[in-house]
Amino acid sequence: MVSSTNFFSGSLFEITSNINNYFHLKEQNEILADENSRLRNSLSTLKISEEIAPIIVDSTIGGFVYKGARVIKNSYSKTNNQLTINKGANDTIEVDMGVITSKGLVGIVNRVSANYGRIQSILNTNSQINAALKKSNHFGFLSWNGKNPNVVQLTEIPKLAPLQVGDTIITGGNSSIFPRGILVGRVENFSVSSEDTFIVDVKLFNDMTKLSHVYLIKNPNLIEIKNLEEANDNAE
Amino acid sequence: MQNNAIFINALRFLGLLLLQVLVLNNINFLGYINPYLYILFILIFPFTGNKSLLIGLSFLLGLSIDFFSDSGGVHAAASVFIAYLRPFLLKFSFGVSYEYNAIKLSKVTFSERLIYISLMVILHHLVLFSLEIFSVSRILLILKSTLFSGIFSIILILCSLVLFSRKT
């Protein structure tokens, strides 16, 4: 019930973030230019590989849809942080869409009103997001211990995983919310938990204290996957 | 005179609400320390005023802050808590003179004022952070946040009292 996605707080935050954004235009421009050049590079390599071996792309498979939005209220100093964005149900934003920036993971939409949406940040002690080691595909769950807004914890990584400081962590693709391979962060240090699995401190690529433009990811097959997973018929 | 008091309190309510959600909630000193100046409204609400009205207004103020900070009701709970305790704390800090309705916050000694403000702020912050963090295993974080945010709030409240006191 009580959320900042209502008309009064939403429009007030939108006005103030409009003003605030002017002070970060240069920085945001550089981030966008960086992303553009990276996308151009991957586009050119894609073109070459298409010439060598044309891949058959079935548009019904995969097919994550991306949408842009702007963060109008950020929060990172509490134990359960939530962000507010300037798009809502009228812009076809739905609950359970994934949220990223060009640098990495941000969170998951957990509430929408007509014109605003609320995101449960990864800096929230209730968050559990599937993530994996890039080089070996061992996966675990991202959670947060509430201490440092730049460091999250990756738990339940099996002990036989070849873990090293500096390894890249990406989203695992086992969740139906995020596609595989979205950057999360770098391993800062790790220890062994009581259940004989690794607890890894992951330094985020994103600066969660300075979020502005974000992308929302919609998985058009989400409902089908959920229905399939929840059906509990026994195979007889 | 009565109208004047209503107008001043309404203005203070709105002013403190906007100041809190637009400025003070974004300070994040050392990463997590924010002052909660809005309880100034509860602190300096007329001492002779209606007690149930104050509790109602505190609930509204806390709830409004909750709406802006996505905190689900913890500010409302903490504000109502100190609004309810205010008469007891006034009696405790100012002693008998409170009973005769003869005190003004600008007229009491500094130490009495400091005791009153500190007690209200610390109690408010303790309830606020206990409900917000809501975990026994993080009791150290609760106490740490209460202490540091509390000191910040107390300093800010004392400063604003000095700045905005009318010289009579």
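Within every chain, numbering begins at 1; the chains are lettered A, B, ... in the order of the sequence lines, protein sequences first and strands thereafter.
- A:K226 NZ: 12 or fewer foreign heavy atoms inside a 6.0 Å radius.
- Looking at B:D70, its side chain does come within 3.5 Å of a backbone N or O of A:S4 through a donor-acceptor pair.
- Contact tally against chain A (heavy-atom pairs below 4.5 Å) for B:L63, B:D66, B:L22, B:L141: the top residue is B:L22.
- Of the listed residues (A:T84, A:N80, A:L12), the one with the most heavy-atom contacts under 4.5 Å to chain B is A:L12.
- For chain B, the nearby part of A:K73 is the side chain; its heavy atoms alone come within less than 4.5 Å.
- Residue A:S75 does not touch chain B at all, counting heavy-atom pairs closer than 4.5 Å.
- Neither the backbone nor the side chain of B:N25 comes within less than 4.5 Å of any heavy atom in chain A.
- Counted within 6.0 Å of CD1 on A:I223, heavy atoms from surrounding residues, nucleotides or ligands total 12 or fewer; the atom is thus considered open.
- Within 6.0 Å of CZ on B:F59 lie no more than 12 heavy atoms contributed by other residues, nucleotides or ligands.
- Interatomic distance, A:Q82 CD to B:S69 OG, rounded to the nearest 0.5 Å: 10.5 Å.
- Counting heavy-atom neighbours within 6.0 Å of A:K67 NZ, excluding the residue itself, gives a total above 12.
- The contact list for residues 124-139 of chain B toward chain A, using heavy atoms and a distance under 4.5 Å, reads B:E132, B:I133, B:R138 by residue number.
- Contact of B:I33 with chain A is not made at all, since no heavy-atom distance falls under 4.5 Å.
- Heavy-atom contacts from other residues, nucleotides or ligands closer than 6.0 Å to CZ of A:F139 number 12 or fewer.
- Other residues, nucleotides and ligands place no more than 12 heavy atoms under 6.0 Å from the CZ atom of A:F7.
- Within a 6.0 Å radius of CD in A:Q128, other residues, nucleotides and ligands contribute more than 12 heavy atoms.
- Within the model, atoms CG of A:N20 and CG of B:N26 stand 8.0 Å from one another, a figure rounded to the nearest 0.5 Å.
- The part of A:T125 that comes within reach of chain B is its side chain, from C-beta onward, which places non-hydrogen atoms under 4.5 angstrom from that chain.
- Ring pair A:F13/B:F68: centre-to-centre distance below 6.0 Å.
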